[in-house]
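Residue numbering restarts at 1 for every chain, and letters A, B, ... go by the order of the sequence lines. What you see below is based on every heavy atom in this structure, not just the backbone, and it leaves out hydrogens, waters and symmetry mates.
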There are 2 protein chains.
Amino acid sequence: MTVDRGTRPARRPVPTTRAHEDDLTPAGVDGGHGARPVPEATVARLAVYLRVLTTLLGEGRGTVSSEELAAAAGVNSAKLRKDLSHIGSSGVRGVGYDVSRLTAEVEATLGLTRPHAVALVGVGNLGHALAGYGGFAQRGFPVAALFDVDPALVGTTVDGVEVEHADSIPRVCAERGVTIGVVATPAPAAQQVCDHLVAAGVRSILNFAPTVLVVPAGVEVRKVDLAVEMQVLSFHVARRHGTVPAAGPAATPRQTPREAVSR
Amino acid sequence: MTVDRGTRPARRPVPTTRAHEDDLTPAGVDGGHGARPVPEATVARLAVYLRVLTTLLGEGRGTVSSEELAAAAGVNSAKLRKDLSHIGSSGVRGVGYDVSRLTAEVEATLGLTRPHAVALVGVGNLGHALAGYGGFAQRGFPVAALFDVDPALVGTTVDGVEVEHADSIPRVCAERGVTIGVVATPAPAAQQVCDHLVAAGVRSILNFAPTVLVVPAGVEVRKVDLAVEMQVLSFHVARRHGTVPAAGPAATPRQTPREAVSR
DNA sequence: CCCTGTGAAGCGCTTCACAGCG
DNA sequence: CGCTGTGAAGCGCTTCACAGGG
């Protein structure tokens, strides 16, 4: 349904509340059958469960309980069971989950039954490290193409893949069936690179550049921002030390008292 | 992005309710009572606002409206205003926010008024790239120490910082007042490294290793897991291609509310 | 008018607690 | 009995809509 807020023109709808379109009866509806969407939060955790399951498989474990799997994944067991219920999994009561079967179910849900060709744009400091990161190909995400604009890099190969000029993005991505793009360029170049990837048909993008990427509806962007991560940690450091200053001119008399420990 | 708020200490699976209040905190962001905590989700966005504000400052902008700032940060304006209300900010009605003042307020809230010494453990592929990533020092997070266990790396310098053996973590971290640790080791080593950091007094950790770190209460862990990010994208690719119900070729009924701004 | 700040409603995720099956 | 699957309650974040100051 294409969100597109931001262009909202002062929203002057009918005076009263918006007509409710949900006929959800509170009690028994159960959401109907089938088309139950997997919550976004669940999807991220499925990937974590999968990692644990892979380890268990390697150890030859046949079954695993929700309690054990949850502990290994760092969540509580109720959440894990709820997550698995979203993918229609079937454990055995009194026993647990069949490891190999659950592994297959999670992989199927995550769309990992076949590889996804990845294009990585920006072979600088970080990009180079990402390209060399074995975890990609190993987990079903072969790096099918590398791009940069630096003439000193174009033509070189990283881990057996040739670096091509960013101008080739449309052609190369189409040729190699790239479905996922990774942006590891400096911030100023990121939006343009993103636009090229989208034009090339890439609908899923992982953004390492410290910029908000604007994309059309239907394109999924996830971002990894090191500065944000560090600053969030900084916030917690400051909070612990009680040094969170109340901003403003003598306003906000409330001050976080010391002894505020959590997590 | 992989936020993972609330890393649970993975306590023993006690069947019934826990009677001990030993160390588990009541799941709030704020330990003390009364003080209105800044929501975790808000903290992450403040970092994004700050980046935009810094740009605006550089352009000499004096004021900015919530609408404009929100658009640049990829959120809607109501959310932005709510976020700013949590830090006790004060805009001017009919005008907007004073850019330099708001910048200072956000920085103060995030605890960026003074630098945070960072220790980076694991100077491999990724770790090396992170160490060389200018964004760290530039944004107030000087890399004060580098550690590894590889004899071939120990003794070398990266970006002017000497790589020391991981055994030195406690001493060096204490000496240099490290408050934030970054774990960029292979998965098997991560937990041990984490334990050392915690023992050295580090209370905030950014984890790049694909493992769940178990830490005592009071230690904040954020994780960045590339495999998880890729697999989440894979899920959306699969969903689009009809492996999972609910999507037609034209209208995606359940589009994740990412930024979909037209400009 | 323009904009901010905010109570209140809405929504989704988390947690609880237990029914129910092996 | 042990353990899964799930209704229902709980909680926090998001969104709405408007009061109110400049």
If you check the A:Pro39 side chain, which of D:dC13, D:dT4, C:dC13 turns out closest? C:dC13

For B:His86 and C:dT4, give me the distance from atom NE2 to atom P, rounded to whole Å. 16 Å

5' priority, DNA chain C, between B:Ser66 and B:Lys82 [closest heavy atom]: B:Ser66

So does B:Arg81 get a side-chain nitrogen or oxygen closer than 4.0 Å to the phosphate oxygens (OP1/OP2) of D:dT14? no

May I have the distance from B:Leu80 (atom CG) to C:dG5 (atom C1'), rounded to whole angstrom? 12 Å

B:Thr42 near the nucleic acid: base, sugar-phosphate alone, or nothing, with a heavy-atom cut-off under 4.0 Å? nothing

A:Leu69 CG - D:dT4 C1' separation (whole Å): 13 Å

What residues, two or more places apart in sequence or in another chain, satisfy side-chain hydrogen bond (donor to acceptor under 3.5 Å, both in side chains) together with A:Glu105? A:Arg101

Examine distances only and state if a side-chain atom of B:Glu220 and a backbone atom of A:Leu233 form a donor-acceptor pair shorter than 3.5 Å. no

Grab the CD-C1' distance between B:Glu105 and C:dT4 for me, whole Å please. 14 Å

Under the side-chain contact (heavy atoms from CB on, under 4.5 Å) test, residues paired with B:Ser65 that sit two or more places apart: B:Glu67, B:Glu68

Would you indicate, yes or no, if D:dT14 has its OP1 or OP2 atom less than 4.0 angstrom from a side-chain nitrogen or oxygen of B:Asn76? no

Taking the nucleotide of DNA chain C with the closest heavy atom to each, which residue, A:Ala78 or A:Ala41, is nearer the 5' end? A:Ala41

Mind checking ring pair (Phe, Tyr, Trp, His ring centres under 6.0 Å) for A:Phe208 and listing every partner two or more places apart, or none if nothing turns up? none

For nucleotides 20-22 of chain C, print each protein N/O atom paired with a nucleotide N/O atom at under 3.5 Å, atom names and distance only.
from   : atom 1 : to      : atom 2 : distance (Å)
C:dG20 : N3     : A:Arg93 : NH1    : 3.3

Specify the separation, in whole Å, of atom CD of B:Glu40 and atom P of C:dC13. 18 Å

Quick one: which residue pairs count as a salt bridge (charged side-chain N to carboxylate O under 4.0 Å, His left out) with a foot in residues 42-57 of chain B, not counting sequence neighbours? A:Asp225-B:Arg51, B:Arg45-B:Asp83

Separation of atom CZ in A:Arg45 from atom C1' in C:dC13, rounded to whole Å: 8 Å

Atom CG of B:Leu84 and atom P of C:dT6 are separated, to the nearest Å, by 11 Å

Between B:His236 and A:Ser204, a side-chain donor and acceptor under 3.5 Å: no

For B:Tyr49, all residues meeting ring pair (Phe, Tyr, Trp, His ring centres under 6.0 Å), sequence neighbours excluded: none

Expressed in angstrom and rounded to an integer, what is the separation of A:Leu46 atom CG from C:dC13 atom P? 13 Å

